[in-house]
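A quick write-up on the structure given underneath.
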Protein chains: 2
Amino acid sequence: MNETVMKLGSCGKCEQCPVHHRSICRAASAEAMQELSRLSHTRNFEKGTVIVAQGDEADIVGNVVSGVVKLTNMSMSGQQNIVGLLFPSDFFGRAYAETSRFSYEAATDVTLCSLGRQAFEGFIARHPEVEHALLLNTLDELDAAREWAAMTSCHTTMQRVATFLFILSQRSDNRFCHSGDKIPHVIIALPIGRRDIAAYLGTTPETLSRNLQTLVRKQILRPIDTNHFELVNASELVELTGEMREDLESMYGTGKLKA
Amino acid sequence: MNETVMKLGSCGKCEQCPVHHRSICRAASAEAMQELSRLSHTRNFEKGTVIVAQGDEADIVGNVVSGVVKLTNMSMSGQQNIVGLLFPSDFFGRAYAETSRFSYEAATDVTLCSLGRQAFEGFIARHPEVEHALLLNTLDELDAAREWAAMTSCHTTMQRVATFLFILSQRSDNRFCHSGDKIPHVIIALPIGRRDIAAYLGTTPETLSRNLQTLVRKQILRPIDTNHFELVNASELVELTGEMREDLESMYGTGKLKA
DNA sequence: CGCTCATTTGACAGAAATCAAAAGCGGTGG
DNA sequence: CCACCGCTTTTGATTTCTGTCAAATGAGCG
């Protein structure tokens, strides 16, 4: 790596971004990428920080580089519904809107590659190939959101829990576990607390906890600590989702868990 | 109307379309509109017809001109979940995908303005202003889908029913009812059958029916015929939704009931 | 009229929310 | 190091809701 080039701040930054080949930036031409490098900057947020509040000016957009962002919708009763989770490489923020209809909150410590919304809109107007990528990305997210909505409205709680865990198990940031056995098992890391997961799945922490314990009793999961489970029997987990594996994988592949 | 011009088939057709000022076509320049007139044609589908089946080649896109289209997702168990409803002026089909992840089915007799998917993709590439409109439209739909998903996952059945009815009551095609009283009441027209509404709301026809009858007993609704109710007490209906009125109205404003 | 299909109503069982309390975990300060 | 506190998670008991099964009613139609 050429440190001099990096210090100039206008070249190469994006090429070294760990997610640039998966985010919408992948569509950017070399020149566009240089311009992006100038316009964008990474920002860190501590767990729990509200990055954009519901109703606020939606003046930041960008990509999640690391960590998990919660998308939430506050209802009148003061109850916060989790509308989606954003993982690394997911696009973040709401282009072309004055205010945000949702809150964006750091569910873990988060690194974002951010730029001003209006700067982004100008950039996109100059680079149709990126606008096109954003369109494709948004269409995929819409499909995923609809599929998730279908999931939640017609399935039992256990099916939703199993689906959620399966999707989490497919994410790349899971370490393997060599517990002396021949086959390495995936470690499922729950990125957020039980309360939030329950809200996301449309249930209560109590019911979620019971379902998780049922999975442990069935030897499908093995608890490591509160937020980590070893996935012992993936195929039985898929059984419990009541969906076809391909459908689940397509949900993962394009929608990356966003609802 | 100039019939001669209409018969030429290449001019003016779209200008007379009842939804062209609300659909994404509104962004099209005069030339683009002419090209659209050439490329598109209206098609009628009887109630119940499957227009595009899940997994099929998604080779038709367009706009709903009249009627209601059901977006459905068949789960492994054979159960069909309703993922969204498309009303006049809503965009229809899935651009940039080989196959459709959902089925599109005529919920009522339907008129579509359709064109081939690839023709549409080519058209859009030549007319960036339309691509941009499609992007804006898709972003709005995504917000609406997420909001609907949040709705369905955290509310009781009655809250979902009340929300659905409230949104319907906001639709412009509702006539007023002067029943001798001073205040005219809105007539809520259920565009589709109970079975479909129930699937959309993630419940069963039986439970839906019970909830509707409860609303009638509470004097919030008054039945006119099977598919029409007079909304007697709108504010109590809003109470039952548990949402803020503004939120509901924004949902109507942009999302038009799509999930 | 008799047919079919959609909707409503009833009875019941099962699932999940609620209420309540115990256990686990991570801090802080003595 | 330990005790204390606040928090999250788990477990238990109970009630409420909703899905299921079944039957009655009503609407549209030849």
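Numbers restart at 1 for each chain; the letters A, B, ... are given by sequence-line order, proteins then strands.
- Phe102(A) meets the ring pair (Phe, Tyr, Trp, His ring centres under 6.0 Å) test with no other residue; sequence neighbours excluded.
- Using modelled atom types, one finds no donor on one side chain facing an acceptor on the other under 3.5 Å when comparing Ser100(B) with Asp56(B).
- Straight-line distance from the CZ atom of Arg194(B) to the C1' atom of dG19(D): 19 Å, rounded to whole Å.
- Partners of Glu46(B) according to the side chain to side chain contact (heavy atoms under 4.5 Å, CB included) rule, which considers only residues two or more places apart in sequence or in another chain, are Thr49(B), Asp109(B).
- Take Thr99(A) and apply the side chain to side chain contact (heavy atoms under 4.5 Å, CB included) test, not counting sequence neighbours, and it matches no residue.
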Would you mind writing out the side-chain donor-acceptor pairs for residues 211-218 of chain A within the sub-3.5 Å range, not counting sequence neighbours?
{"unit_1": "Asn211(A)", "atom_1": "ND2", "unit_2": "Thr207(A)", "atom_2": "O", "d": "3.0"}
{"unit_1": "Thr214(A)", "atom_1": "OG1", "unit_2": "Arg210(A)", "atom_2": "O", "d": "2.8"}
{"unit_1": "Thr214(A)", "atom_1": "OG1", "unit_2": "Arg217(A)", "atom_2": "NH2", "d": "3.3"}

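- In this entry the distance linking CZ of Arg195(A) with C1' of dC25(C) reads 16 Å, nearest Å.
- Applying the ring pair (Phe, Tyr, Trp, His ring centres under 6.0 Å) criterion to Tyr104(A), with sequence neighbours excluded, gives Phe92(A).
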What N/O pairs connect the protein and nucleotides 23-30 of chain D at under 3.5 Å? Give each pair on its own line.
none

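- Rounded to whole angstrom, the span from the CD atom of Gln159(B) across to the C1' atom of dC17(D) amounts to 13 Å.
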Side-chain donor-acceptor pairs of residues 189-198 of chain B under 3.5 Å, sequence neighbours excluded:
{"unit_1": "Arg194(B)", "atom_1": "NH1", "unit_2": "Thr226(B)", "atom_2": "O", "d": "3.2"}
{"unit_1": "Arg194(B)", "atom_1": "NH2", "unit_2": "Thr226(B)", "atom_2": "O", "d": "2.9"}
{"unit_1": "Asp196(B)", "atom_1": "OD1", "unit_2": "Lys70(B)", "atom_2": "NZ", "d": "3.1"}
{"unit_1": "Asp196(B)", "atom_1": "OD2", "unit_2": "Lys70(B)", "atom_2": "NZ", "d": "3.1"}

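- With sequence neighbours left out, the side chain to side chain donor-acceptor pair (under 3.5 Å) criterion links Glu57(A) to no other residue.
- When rounded to the nearest whole Å, the span between CG of Asp225(A) and C1' of dC25(C) equals 11 Å.
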What are the atom names and distances for every N/O pair under 3.5 Å that joins the protein to nucleotides 15-17 of chain C?
{"unit_1": "dA16(C)", "atom_1": "OP1", "unit_2": "Thr157(A)", "atom_2": "N", "d": "2.9"}
{"unit_1": "dA16(C)", "atom_1": "OP1", "unit_2": "Thr157(A)", "atom_2": "OG1", "d": "3.2"}
{"unit_1": "dA17(C)", "atom_1": "OP1", "unit_2": "Thr203(A)", "atom_2": "OG1", "d": "3.2"}
{"unit_1": "dA17(C)", "atom_1": "OP2", "unit_2": "Thr203(A)", "atom_2": "OG1", "d": "2.9"}
{"unit_1": "dA17(C)", "atom_1": "OP2", "unit_2": "Thr204(A)", "atom_2": "OG1", "d": "3.3"}
{"unit_1": "dA17(C)", "atom_1": "OP2", "unit_2": "Thr207(A)", "atom_2": "OG1", "d": "2.4"}

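- Residue-level contact check: Gln213(A) touches the backbone only, with heavy atoms under 4.0 Å from sugar-phosphate atoms and none from bases.
- Under the side chain to side chain donor-acceptor pair (under 3.5 Å) criterion, Glu236(B) pairs with Asn233(B), sequence neighbours left out.
- Residues that satisfy the ring pair (Phe, Tyr, Trp, His ring centres under 6.0 Å) test with Phe45(A), not counting sequence neighbours, are absent from this structure.
- Rounded to 10 degrees, the angle separating the terminal helix axes of the helix from dC1(C)-dG30(D) to dG30(C)-dC1(D), each built from five base pairs, is 30°.
- To the nearest angstrom, P of dT18(D) lies 13 Å from CG of Leu212(B).
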